[in-house]
Structure formats: structure tokens, C-alpha cells
Amino acid sequence: MLTEIVKLNEENKNQTIKKAKEIMQNNGIVIFPTETVYGIGANALDENCAAKIYQAKGRPSDNPLIVHIAKFEDLDKLSIKIDDRVQKIIDYFWPGPLTIIVNKSEIIPYKTTGGLDTVAIRMPLNELARNIIAETNLPIAAPSANISGKPSITSEEFIQEEFDGKVDMIILDNNSPIGIESTVIDTTREKITILRPGFITKSQIERVIGQEVISDLSFEDNDVPKSPGMKYTHYSPNCDIYIVEGDILTKTYKINQQMENDKKENIKSCIIAKAEYSDLFQNFISLGNNDIEVAKNIFKTLRQLDKEGMQKAYFLSMYETELELSIMDRMKKASGYKVI
Ligand code: TXA
Ligand code: MG
């Protein structure tokens, strides 16, 4: 397949949006940036489109897609009913990095929801993404643009490598300041339940609705996964990631031992952590100065490790803020739950 690749700028913006619209209205696939990660999008109302996305990603077809919309009225067009509690949440957080699970309506095909009677919906903050969706006048199914099981993508250099020849169009624009995928909440239960933690946190949602919000990251508890995406290997680079636990002295001790072994065995390894620990280690890669920067850089860094032929990377666990918990969720999955 010939892929049209466009690097976005002010001059080609309108033309690019028009082109993306034409492709998606004709059931083609377009990759575009969102404020979280790049998305691989197509018409959410067409069964074949969902199948095409699954194929381009190499994704199992029971893993449901998020339906992206541009305006609040789009919910009515989809015959999606919203109660007062959910209305408060979307009024506050949309457009933004929050996905809501609601009951599916008839016009949304089961192919899009992976056979579920519920559907995930999100209104992205990224203006280009919203303009494209508005212009197509269609809900757009868009999972993260990455080969299934690999880290999500937030920077243009990796998008092209992974999808050139597999989709109709790629729009490049380094504009994913959040860096981790949207928070996913299930609103069909008695208590709003977080299925995937993200930039928008439990306590922020609690403040908005004045009710307790619970977390159900069942996969971690070896329970039945509630969000089908949770049962597959996720975010894994080729480099082996290890989560390093303990206080800083313990962490330093554990890492020094590991690094000594790696050196003996000629294994190329490094430490990845917040910048503040840079003085403590050699072969150190900084993820940023604070949790917001770490979230923004995490997926890019995971992919960079592979580029540099790194074989092992030791990640210093972080639990201080709610955003750090979301980062830990991604890193635990990337490590395949290898903890030292
Ligand atoms: O930030 C994001 O959400 C990005 C950008 C492109 O918008 N998209 C994204 O999509 O991360 P994806 O497909 O990679 O992740 C969607 C997650 C999956 O874990 C999926 O299983 C879950 O949402 N999900 C989707 N529909 C669901 C449903 N009806 N019930 C439970 N979980 C659902
Ligand atoms: Mg994904």
C-alpha cells in the first residue's frame, strides 16, 4: 500500500485535513497525533474499517477500539445516553485525555467494540485530531498507533518506521504533550471505575462528582480482565526492563550488583529514572525532571532503548503522585512484571 506521509505545518494544514477526510470517508486508515499518543483511525461505524485497523496493528480482534468524537452533539448522533454523573465528568474533562465506557447503541458495530455491549468514547484535546474528526463528520475508531504489544508512539520518527506501507496516510506532528494513553473509566457500574490509569487521576474525578471512584486494574490481581486490552503483553520493547523496588539505598545496591554482572557478561545495560538520580549512577538515562515530563518521555525512551541496542534497562520505581502510579502501570507492563 502506498502511504501518503505529511509533516504538518501551517501552510499544509487545511489541505491535510481535507485529504484525511476524503480517505476516512472512503473507509481508509489515517494515523494522526493526539495529546496522549498517536492514533490509527478509521470510520467507527463500518465493520470493515475495524478489521483493517486490527490487521494493520496485528491486534487480536476481541480488543475493543476507542471511538473518538469531535463535539458533544456527536454523542446524540451515536444515540449514546449519558446520565448526570457522566455529564459532569465530560463537561469537566472533555476535550481531554479521558475515555468513558458507556452502553453501546445499535449503530456502533460489534467489530468496533470487540463484541462487547459497551463502547469506549473519547473527545481528544489535540486540535488537529478534533478538526479531522469534525471534518469527516464520522466517529473515528482509533487505538494507539503501534504494533500490538509494542510501546505506544509519541514521536514522529517511530511512526514512519512502524506504519509506512500499512496505512493510507500518516500525519506527523510532534504534539503529544501528555505522552501516556487516556485514563479509561467504566461508567456503567454503580461506582465509576478506573480500568486504565492515566494523566487524569482518581482524585480529580472524585472531586468533580463528589463520590468515591474505584480502581479495577484486574489484570494486576490475576483476576478476569475487565478491559480486554489488559490481558495481552503490552508496551514491551525488545530491551528487557526491570523494575527496581526499595528505598534509594536498596535500589542503588541492587543496581550496582546487576550492572557489575552485566559488565562481566558483556550485556549492554542502563538505568532509567527521574533526572534527580543522575549523580548516583553511570549509564544513566533521564526521563525528565518531574512526573509530567516522565509521562511525556516514557514511550519515546522505551523505543530509544531498542534503537541503541540496549539489552537491559533498570527502572527506578516511583509512587509519590497519582501520575507516577499511572507511569508505574505502563512500566510494570513493559517489564512483563519483572521486579528486583
Ligand atoms: O489515549 C488514548 O486513549 C489513545 C489515543 C489514540 O486516543 N488510544 C488508545 O487506544 O490508547 P487503545 O485501543 O490502544 O486502548 C484502549 C483501551 C484498551 O485497553 C481496550 O481494551 C479498552 O481501552 N477498552 C476499549 N473499549 C472498551 C470497553 N468497551 N470496555 C472495556 N475496555 C475497553
Ligand atoms: Mg494501545
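Treat the numbers as computed from the prediction; the structure is a model and nothing was measured. Every number for a ligand or one of its atoms is a count from 1 in the order of the listing.
The backbone N or O of I29 lies less than 3.5 Å from a partner atom in the side chain of D168, making a donor-acceptor pair. Not a single donor-acceptor pair under 3.5 Å links the side chain of S182 to the backbone N or O of L98. For T3 (side chain) and G165 (main-chain N/O), a donor-acceptor pair under 3.5 Å exists by modelled atom type.
In this structure, E35 does not count as a contact residue of ligand 1, since none of its heavy atoms falls inside 4.0 Å of the ligand. At least one heavy atom of A142 sits less than 4.0 Å from an atom of ligand 1.
Across R196, K57, H68, heavy-atom proximity to atom 7 (O) of ligand 1 is greatest for H68. Closest to atom 33 (C) of ligand 1 by heavy atom, among V67, I180, V119, I101, is I101.
Distance check for S152 against the Mg ion (ligand 2): none of its N/O/S atoms falls below 2.8 Å.
For the pair T154 and T36, the tightest heavy-atom approach, listed with the atom from each and the gap, is CG2-O, 3.6 Å.
Contacts of T118 with ligand 1, taken as heavy-atom pairs under 4.0 Å, involve both backbone and side chain. Counting heavy atoms under 4.0 Å from ligand 1, residue S182 touches it through both backbone and side chain. Using a 4.0 Å cut-off between heavy atoms, N63 contacts ligand 1 through its side chain alone, with no backbone atom that close.
Residue R122 has at least one N or O atom closer than 3.5 Å to an N or O atom of ligand 1.
Counting the atoms of ligand 1 from 1 in the order shown, those under 4.0 Å from a heavy atom of T36 are 1 (O), 2 (C), 4 (C), 5 (C). Residue contact check: E181 has heavy atoms under 4.0 Å from atoms 1 (O), 2 (C), 11 (O) of ligand 1. Interface atoms of ligand 1 facing L116, defined by a heavy-atom separation under 4.0 Å, are 28 (C), 29 (N), 30 (N). Residue contact check: I66 has heavy atoms under 4.0 Å from atoms 3 (O), 8 (N), 9 (C), 10 (O), 16 (C) of ligand 1.
At a threshold of 4.5 Å between side-chain heavy atoms, the hydrophobic network of Ile, Leu, Val, Met, Phe, Trp and Tyr places L65 and V167 in one connected group.
Using a 4.0 Å cut-off between a side-chain N of Lys or Arg and a carboxylate O of Asp or Glu, K274 and D291 do not qualify as a salt bridge.
In this structure, K338 is not positioned above the aromatic face of F315 in the sense of NZ or CZ being under 6.0 Å from the six-membered ring centre and within 45° of the axis.
Using cut-offs of 30° and 60° for the angle between ring planes, the H68 and F32 rings count as perpendicular.
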Subject >> Pair K251-S317, side-chain hydrogen bond (donor to acceptor under 3.5 Å, both in side chains): steps then yes or no >> reply: CA-CA 9 Å; K251 278 175 172 151; S317 66; 3.3 Å; yes

